[in-house]
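As structure tokens, the structure follows; a few thoughts come after it.
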Amino acid sequence: MRRAVGAVAPASLRPLPWRATRDPWAVLVSEVMLQQTQARRVVAPFVAFMARFPTPARCAEAPLAEVVLAWAGLGYNRRAAHLHGAARSIVADHGGVVPDRLDDLEALPGVGSYTARAVLAFAYERDVAVVDVNVARVLARAVVGAPLGTVAVQTLADALVPDGRGWRWNQTLMEIGATSCTGRAPRCADCPLGRCCAWAGAGRPEPDPGRPGRRQSPFEGSDRQGRGRLVSALRRGPVPAAALAAACGWPQDGPRAERMACALVADGLARRGRTGTLRLA
DNA sequence: TTCCTGTTTG
DNA sequence: CAAACAGGAA
């Protein structure tokens, strides 16, 4: 079932196994794996996974445990479960064929905008833009010289895909983002874009448009920071009720610390003693 | 918007 | 070693 169209990867692209196939199932599997791990680490598990589950049907008929087993070394086992669910949906709802429409793909568990477009571009060779954070960064630096919102990036990226050469275009953009145009410490000297890049051409002025403007979530003072501190304290031993606020790092905010304690209990991570002392469950 | 989660990195 | 990362889900 696997076709080997274009089995030889173009010279400027690293010869990764998923670049030597247009089998949509193989592409889907590789993209889900690549969501969480760098290409180098994905190669071996990908080859083994495809040998064990060469089609959606073979994956769907296997128990989830087998799929998780084949996922060893990749982490994020929840995504293995999503892929298994996707395989079952492909068999149940699409005759065992990976769908080739954006909305059908996005309806599969674990498949969002990025992965859906990757399947369309890399398996079905459709001229859609595949936008991950790396591509967004390359476009922000090279084309615009300014940060771009999610919608603006997708619109721009779609407009740039050259007719009939979407596969190569998308692969190349992602390759540049992974090798030269990295998030931190971009290696402009080695970049094939050279002086075509708006940002490099302007002398790499600050702020770097490729650096995400919005931090992940302000960690300082967040619930997560307090929760982390509280769990750390609990690892060292039980925390009396009177010490909760200090343990969270909010000595002046007892109610907030109390909410964190309740959250930990609700999550099954901790339990309260008779006097309100909190300890690990 | 926020959370998830193993790996990478500064 | 804490924090950033990265798509997807809730």
Side-chain angles (χ1 to χ4, degrees), chain A residues 18 27-46 67-87 89-90 102-122 128-140 147-151 153-154 157 170 173-175 177-179 181-187 207-208 210-233 235-236 248-249 256 259-260 262-264 266-269:
Chain A
W18 46 89
V27 170
L28 176 60
V29 170
S30 71
E31 289 300 337
V32 173
M33 291 181 170
L34 288 165
Q35 286 173 12
Q36 58 194 43
T37 309
Q38 290 179 327
R40 206 177 61 89
R41 274 184 61 83
V42 166
V43 172
F46 169 77
V67 178
V68 173
L69 214 60
W71 206 256
L74 289 170
Y76 290 90
N77 287 308
R78 167 183 291 179
R79 289 179 178 163
H82 282 153
L83 186 59
H84 184 241
S89 170
I90 288 165
L102 194 60
D103 52 352
D104 287 337
L105 283 164
E106 288 186 352
L108 299 173
V111 177
S113 164
Y114 164 78
T115 308
R117 287 167 177 275
V119 169
L120 289 180
F122 298 141
V128 300
V130 184
V131 177
D132 65 357
V133 293
N134 301 291
V135 171
R137 182 175 57 242
V138 173
L139 295 182
L148 287 162
T150 317
V151 176
V153 171
Q154 187 68 60
N170 282 295
L173 276 188
M174 302 190 75
E175 186 79 358
T179 55
C181 196
T182 53
R184 288 180 282 248
R187 307 175 52 187
D208 175 357
R211 215 150 74 178
R214 295 163 195 150
R215 319 203 301 275
Q216 183 132 18
S217 55
F219 179 74
E220 191 64 33
S222 69
D223 276 5
R224 298 171 77 173
Q225 183 185 39
R227 181 183 168 111
R229 280 200 281 246
L230 184 50
V231 171
S232 290
R235 271 198 277 264
R236 292 191 293 270
C248 288
R256 192 180 183 192
R259 286 197 299 274
M260 294 316 305
C262 288
L264 287 182
D267 289 347
L269 282 170

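So that the names make sense, note that chain A is the first sequence line, chain B the second, and so on, each numbered from 1. Just so we're clear, the structure is a prediction, and the values are computed from it rather than from any experiment.
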Distance flag, aromatic centroids of A:Phe46 and A:Trp18, threshold under 6.0 Å = yes
Keeping the roles fixed (side chain from [X], backbone from [Y]), state whether a donor-acceptor pair exists under 3.5 Å.
X        : Y        : answer
A:Arg137 : A:Cys181 : yes
A:Gln154 : A:Ala129 : yes
A:Glu106 : A:Ala116 : no

Atom [atom1] of [X] and atom [atom2] of [N]: how far apart are they, to the nearest Å?
X        : N     : atom1 : atom2 : answer
A:Arg79  : B:dT7 : CZ    : C1'   : 12 Å
A:Leu105 : C:dG7 : CG    : P     : 17 Å
A:Asn77  : B:dT7 : CG    : P     : 10 Å
A:Leu83  : C:dG8 : CG    : C1'   : 14 Å
A:Gln35  : B:dT7 : CD    : P     : 16 Å
A:Gln36  : C:dC5 : CD    : C1'   : 13 Å
A:Glu106 : C:dA9 : CD    : P     : 9 Å
A:Leu28  : C:dG7 : CG    : P     : 15 Å

Identify whether any heavy atom of A:Asp132 sits under 4.0 Å from a base atom; if not, whether one sits that close to sugar-phosphate; answer base, sugar-phosphate or nothing.
-> sugar-phosphate
side-chain contact (heavy atoms from CB on, under 4.5 Å) assessment of A:Leu28 paired with A:Leu105 | CA-CA 10 Å; A:Leu28 176 60; A:Leu105 283 164; 5.8 Å; no
May I ask you to test the A:Val135-A:Val130 pair for a side-chain heavy-atom distance under 4.5 Å?
-> no
So which of A:Leu148, A:Val153, A:Thr150 actually passes side chain to side chain contact (heavy atoms under 4.5 Å, CB included) with A:Val131?
-> A:Val153
Are a donor atom and an acceptor atom from the side chains of A:Glu31 and A:Tyr114 found within less than 3.5 Å of each other?
-> yes
Classify the side chain of A:Arg78 and the base of C:dG8 as holding, or not holding, a donor-acceptor pair under 3.5 Å.
-> no
Does any residue of residues 111-122 of chain A have a heavy atom under 4.0 Å from DNA chain C, and if so, which ones, in number order?
-> A:Val111, A:Gly112, A:Ser113, A:Tyr114, A:Thr115
Let me see the working for A:Val67 and A:Leu83 under side-chain contact (heavy atoms from CB on, under 4.5 Å), right down to the final yes or no.
-> CA-CA 9 Å; A:Val67 178; A:Leu83 186 59; 5.5 Å; no
Quick test: give all pairs of protein nitrogen or oxygen and nucleotides 8-10 of chain B nitrogen or oxygen below 3.5 Å, distance rounded to 0.1 Å.
{"residue": "B:dG10", "atom": "OP1", "partner": "A:Arg184", "partner atom": "NE", "Å": "2.8"}

